[in-house]
Amino acid sequence: MPSLIERWQSVQRQVADAAKKCNRDTSLVRILAVSKTKPASAIAALYQLGQRAFGENYVQEGVDKIKELAHLHDIEWHFIGPLQSNKTKDVAEHFAWCQSIDREKIARRLSEQRPAELPPLQVLIQINIDDENSKSGIALAELPALAAFIDTQPNLQLRGLMAIPKANATPAEQDDSFPQLQQAFVALQADYPSVDTLSLGMSNDLSKAIAHGSTMVRIGTALFGARDT
Ligand SMILES: *Cc1c(COP(=O)(O)O)cnc(C)c1O
């Protein structure tokens, strides 16, 4: 089994290769290490190698690890899972980013509950591009209204879009959905100067995501190995 450093270098190489293929600057594609179900010790080990941004899907599990790793001062925590309104306070108080905003109520609560001594919560709007089975994320038609609402919230900073394409998408389906996201992202950037992040691509579709303008790939399995759950 490859070691953690081999996996990390391999993911960095895949990102660099994909960026080069489409003449993009590799430094404009960040790697988010998705650490759900993995112990704090695995996160600390990857941090020691230089990784800084980590993504968690479950609020309580994430908060526990954030507290355990509070001594890693410049670690950056992203919440990327479905968010119920009774859990917004924990996200507002402990995370630097929330990537899964899909309604006004959640955005308003996150802004209200963001502690005054912290910088604004960096947020992405989750788009449901092609997965009829998932209730997470909004349709592209709803994007202008939700972006405008987030822009009025004092303790949120709109940074862009996140999408989780359906797991078994065919190449033809990706060729349909990825460009739609890219266009929506470019249009959003024109309206909001703070927008710089398209969070698209996971372990098995990162090259195609980068070809379609992704600036952040969310990588779990390829870094930490398969999850038990
Ligand atoms: C689990 C998860 C990932 C990572 O998926 P891998 O296929 O393990 O790389 C990325 N994004 C989200 C939202 C996830 O829940």
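- Sequence neighbours left out, the pairs with a member in residues 71-82 that pass salt bridge (Lys or Arg N to Asp or Glu O under 4.0 Å) are Arg30-Glu76, Arg52-Asp74.
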Return all side-chain donor-acceptor pairs below 3.5 angstrom for residues 155-163, not counting sequence neighbours, or 'none' if the list is empty.
{"residue": "Asn155", "atom": "ND2", "partner": "Ser111", "partner atom": "O", "Å": "2.9"}
{"residue": "Arg159", "atom": "NE", "partner": "Asp196", "partner atom": "OD1", "Å": "2.9"}
{"residue": "Arg159", "atom": "NH1", "partner": "Gln122", "partner atom": "OE1", "Å": "2.8"}
{"residue": "Arg159", "atom": "NH2", "partner": "Asp196", "partner atom": "OD1", "Å": "3.3"}
{"residue": "Arg159", "atom": "NH2", "partner": "Asp196", "partner atom": "OD2", "Å": "3.0"}

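- Using modelled atom types, no side-chain atom of Gln113 and backbone atom of Asp90 make a donor-acceptor pair closer than 3.5 Å.
- Under the 4.5 Å side-chain criterion, counting only non-hydrogen atoms from C-beta, Pro165 is not in contact with Gln174.
- Distance OH/Tyr58 to CD1/Ile80: 9.5 Å, rounded to 0.5 Å.
- Between Trp77 and Phe54, the ring planes are tilted. Angles from 30° to 60° get that label.
- Using a 4.5 Å cut-off between side-chain heavy atoms of Ile, Leu, Val, Met, Phe, Trp and Tyr, with links allowed through other members, Leu32 and Leu49 fall into different hydrophobic clusters.
- Counting heavy atoms from C-beta outward, Gln126 and Leu124 have side chains that stay 4.5 Å or more apart.
- Going from atom CD1 of Ile101 over to atom CZ of Arg108 covers 12.0 Å, rounded to the nearest 0.5 Å.
- Scored by the salt bridge (Lys or Arg N to Asp or Glu O under 4.0 Å) test, Glu68 finds no partners at all (sequence neighbours excluded).
- Closest approach of Phe224 and Ala33 over heavy atoms only: CE1-CB, 4.1 Å.
- Ser35 contributes no side-chain N or O that, together with a main-chain N or O of Lys38, makes up a donor-acceptor pair within less than 3.5 Å.
- Nearest heavy-atom pair across Asn86 and Arg109 is CA-NH2, 4.4 Å.
- At a threshold of 4.5 Å between side-chain heavy atoms, the hydrophobic network of Ile, Leu, Val, Met, Phe, Trp and Tyr places Leu206 and Met202 in two separate groups.
- Using modelled atom types, one side-chain atom of Gln189 and one backbone atom of Val195 make a donor-acceptor pair closer than 3.5 Å.
- Side-chain atoms of Ser100 come within 3.5 Å of backbone atoms of Gly81 as a donor-acceptor pair (strictly under, hydrogens ignored).
- A pairwise comparison of heavy atoms in Ile31 and Gln51 identifies O-NE2, 2.8 Å as the closest pair.
- Distance check: Ser207 OG to His212 NE2 gives 12.0 Å after rounding to the nearest 0.5 Å.
- With sequence neighbours left out, the side-chain contact (heavy atoms from CB on, under 4.5 Å) criterion links Pro2 to Glu6, Arg7.
- Following chains of ILVMFWY side-chain contacts shorter than 4.5 Å, one can reach Ile127 starting from Leu110, so the two form part of one hydrophobic cluster.
- Looking at Gln183 and Leu188, their side chains never come closer than 4.5 Å, going by heavy atoms from C-beta outward.
- Ser214 places no side-chain N or O within 3.5 Å of a backbone atom of Ser199 that could act as its donor or acceptor partner.
- Note that CZ of Phe95 and CG of Leu118 are 13.0 Å apart. Values are rounded to the nearest 0.5 Å.
- Side-chain atoms of Val217 and Leu200, non-hydrogen and from C-beta on, never get closer than 4.5 Å to each other.
- Under the salt bridge (Lys or Arg N to Asp or Glu O under 4.0 Å) criterion, Lys208 pairs with Asp175, sequence neighbours left out.
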Hey, mind stepping through Val91 and Thr88 against side chain to side chain contact (heavy atoms under 4.5 Å, CB included) and telling me if it holds? CA-CA 5 Å; Val91 171; Thr88 50; 5.6 Å; no
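- Residue Ile129 holds its CD1 atom at 8.0 Å from CG of Asp176, rounded to the nearest 0.5 Å.
- Looking at heavy atoms from C-beta onward, Glu56 lies in side-chain contact with Glu61 at the 4.5 angstrom threshold.
- Ser203 places a side-chain N or O within donor-acceptor distance of the main-chain N or O of Ala222, the cut-off being under 3.5 Å.
- Within the model, atoms CD of Gln12 and CD of Gln14 stand 11.0 Å from one another, a figure rounded to the nearest 0.5 Å.
- For the salt bridge (Lys or Arg N to Asp or Glu O under 4.0 Å) test, no residue two or more places apart in sequence or in another chain qualifies with Asp64.
- Shortest non-hydrogen contact noted between Cys22 and Ile210 is SG-O, 3.9 Å.
- Shortest non-hydrogen contact noted between Leu223 and Ile219 is CD1-O, 3.5 Å.
- Side-chain contact check for Trp8 versus Ser3: every heavy-atom pair is 4.5 Å or farther apart.
- The shortest non-hydrogen separation linking Ala92 to Pro115 is O-CD, 3.4 Å.
- For the pair Lys20/Thr26, no side-chain contact is recorded, criterion being any heavy-atom separation below 4.5 Å from C-beta on.
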Report, one line per pair, each donor and acceptor closer than 3.5 Å where one atom sits in a side chain of residues 137-153; sequence neighbours left out.
{"residue": "Glu142", "atom": "OE2", "partner": "Ala139", "partner atom": "N", "Å": "3.1"}
{"residue": "Thr152", "atom": "OG1", "partner": "Phe149", "partner atom": "O", "Å": "2.5"}

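- Among pairs with a residue in residues 97-146, those fulfilling ring-ring contact (aromatic ring centres under 6.0 Å, His included) read His78-Trp97, at least two apart in sequence or across chains.
- In terms of the side-chain hydrogen bond (donor to acceptor under 3.5 Å, both in side chains) criterion, residue partners of Asp25 (sequence neighbours excluded) are, by chain and number, Ser27.
- Judged as a side-chain hydrogen bond (donor to acceptor under 3.5 Å, both in side chains), and not counting sequence neighbours, Asn204 has no contacts.
- Looking at residues two or more places apart in sequence or on another chain, you find a salt bridge (Lys or Arg N to Asp or Glu O under 4.0 Å) between Lys89 and Glu93.
- Under the 4.5 Å side-chain heavy-atom criterion for ILVMFWY residues, no single connected hydrophobic cluster contains both Val34 and Val11.
- Counting only heavy atoms from C-beta outward, the side chains of Arg24 and Val29 approach each other to under 4.5 Å.
- Ile5 and Leu46 end up in the same hydrophobic cluster when Ile, Leu, Val, Met, Phe, Trp and Tyr side chains are linked at under 4.5 Å.
- Annotation: side-chain contact (heavy atoms from CB on, under 4.5 Å) contacts of Arg103 (sequence neighbours excluded): Ile106.
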